[in-house]
Amino acid sequence: RNLHSTSRRQRQMCIRDRYKLCKVSDFEIKAYIYALYSSLIFFAYYYMTFEAIRDGIATAIILYSISYIVSGKFKSYYIIVLLSLLFHQASIFFIIPALLYRYVVIKKISNYYILFLFVFASSFFLKDFILNLNFINEHVKYLLSYYAENKSNSNTVVVRYIIILSFCLFYLHLTRRDFGNKGRGVHIYLIFTVISFSFFAAFPDMYRRLLLKVEFISYPIIIISYLSMYKTKKSYLTYSLFLILYYVLFMSNYHSYYSLLNIRPLFEL
């Protein structure tokens, strides 16, 4: 009963947090409702994984904090992210996208791809160096070695990161002359999240675990923002088909949170 109650509160937090972000970013409420129900259907595993409920709560808190990024209240964002650390230590990684958002200015959209590729490649060059650092705690070294294994043998993780990155960059392209568009800030934050998390590309199990958070946070925002621009029935149908295809290709073989992510490679589906 306690687990069900906690899961229900987690869902309520996510619903409220997305609504707040929707209002702050001037997105359409109709698009918010659609994105909310689609996320409940296609990302239902995040609500149902009782064994990882603390991770879900931490992610819900992170989702709440994003509205402060859009409003430029960075101190509030950092405080809320640190609060989420009480539930899951991986929340600390969300400090990095905020720092990049605040201090790194990129004018050309193509440069985001270049930065992504640079960070991605750097992960593999620095992997052995990181694992052999003398000052790292033995427990941390053990965890890094553990996360460096590709336990699920999935080849779809990088593809899924790139899809999110591409959606966000295309949104920046569409709104390139509308700098007053608050949705741009949200998408730039998501872009920097994908880029910073790609530093763990050489640690497949960690990279995959972080992807769950990124997907759960990103897709409702992406759907809301695009449907706020294109309000036709055809647009809603298009995104419905996209979500169905995405689910079939990447999530239909999902088993449980900790085996995660034993999702088969795309070419085996």
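Here the structure is a predicted model, which means the values were calculated and not measured.
Not counting sequence neighbours, Tyr161 has no partner by the side chain to side chain donor-acceptor pair (under 3.5 Å) test. The side chain to side chain donor-acceptor pair (under 3.5 Å) test applied to Ser198 returns Tyr207, not counting sequence neighbours. Every side-chain contact (heavy atoms from CB on, under 4.5 Å) that Lys234 has, sequence neighbours left out, goes to Thr232, Thr238. Contacts of Phe118 classified as ring-ring contact (aromatic ring centres under 6.0 Å, His included), with partners at least two apart in sequence or in another chain: none.
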Please evaluate residues Phe120 and Val158 with respect to the criterion side chain to side chain contact (heavy atoms under 4.5 Å, CB included), reporting the C-alpha separation (whole Å), side-chain torsions for both, the decisive distance (0.1 Å), and the verdict. CA-CA 10 Å; Phe120 185 88; Val158 177; 3.8 Å; yes

Go through it in stages, so that I can follow the logic: the residues are Phe199 and Leu126, the test is side chain to side chain contact (heavy atoms under 4.5 Å, CB included), and I'd like the CA-CA distance, side-chain angles, deciding distance and then a yes or no. CA-CA 9 Å; Phe199 184 76; Leu126 296 174; 3.8 Å; yes

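The stretch residues 110-121 participates, sequence neighbours left out, in these side-chain hydrogen bond (donor to acceptor under 3.5 Å, both in side chains) pairs: Tyr113-Ser166.
In the hydrophobic clustering of this structure, Leu82 groups with Leu86; members are Ile, Leu, Val, Met, Phe, Trp, Tyr whose side-chain heavy atoms approach within less than 4.5 Å, directly or through other members. Hydrophobic cluster membership differs between Ile114 and Phe125, with clusters built from Ile, Leu, Val, Met, Phe, Trp and Tyr side chains linked at under 4.5 angstrom.
Atom OH of Tyr77 is separated from atom CD1 of Ile62 by 5.5 Å, given to the nearest 0.5 angstrom. Atom CZ of Phe167 sits about 9.5 Å away from atom CZ of Phe170, to the nearest 0.5 Å. Separating the CD1 atom in Ile223 from the OG atom in Ser218 is a distance of 10.5 Å, to the nearest 0.5 Å. Note: Phe87 CZ to Leu85 CG = 11.0 Å, rounded to the nearest 0.5 Å. Note that CD1 of Ile106 is 9.0 Å distant from CD1 of Ile188, once rounded to the nearest 0.5 Å. Here the straight-line distance linking atom CG of Leu169 with atom CZ of Phe116 works out to 10.0 Å at 0.5 Å rounding.
The shortest heavy-atom contact between Leu174 and Met229 is CB-CE, 3.9 Å. Taking every heavy atom of both residues into account, Ala202 and Pro204 meet most closely at O-CD, 3.3 Å. Closest of all the heavy-atom pairs between Ile195 and Val119 is O-CG1, 3.2 Å. Counting all heavy atoms, side chain and backbone alike, Glu215 lies closest to Ile164 at CG-CD1, 4.0 Å. The shortest heavy-atom contact between Tyr171 and Thr175 is O-OG1, 2.9 Å.
By the 6.0 Å contact criterion, CZ on Phe124 is enclosed, its count of non-hydrogen atoms from other residues, nucleotides or ligands being greater than 12.
Residues Tyr226 and Phe242 place their aromatic rings such that the two centres sit no closer than 6.0 Å.
Using cut-offs of 30° and 60° on the angle between ring planes, the pair Phe200 and Phe203 is perpendicular.
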Show which side-chain atoms of residues 91-104 pair as donor or acceptor with protein atoms under 3.5 Å away, not counting sequence neighbours.
unit_1, atom_1, unit_2, atom_2, d
Ser91, OG, Ser84, OG, 3.1
Ser91, OG, His88, O, 3.2

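Looking at Ile217 and Thr193, their side chains never come closer than 4.5 Å, going by heavy atoms from C-beta outward.
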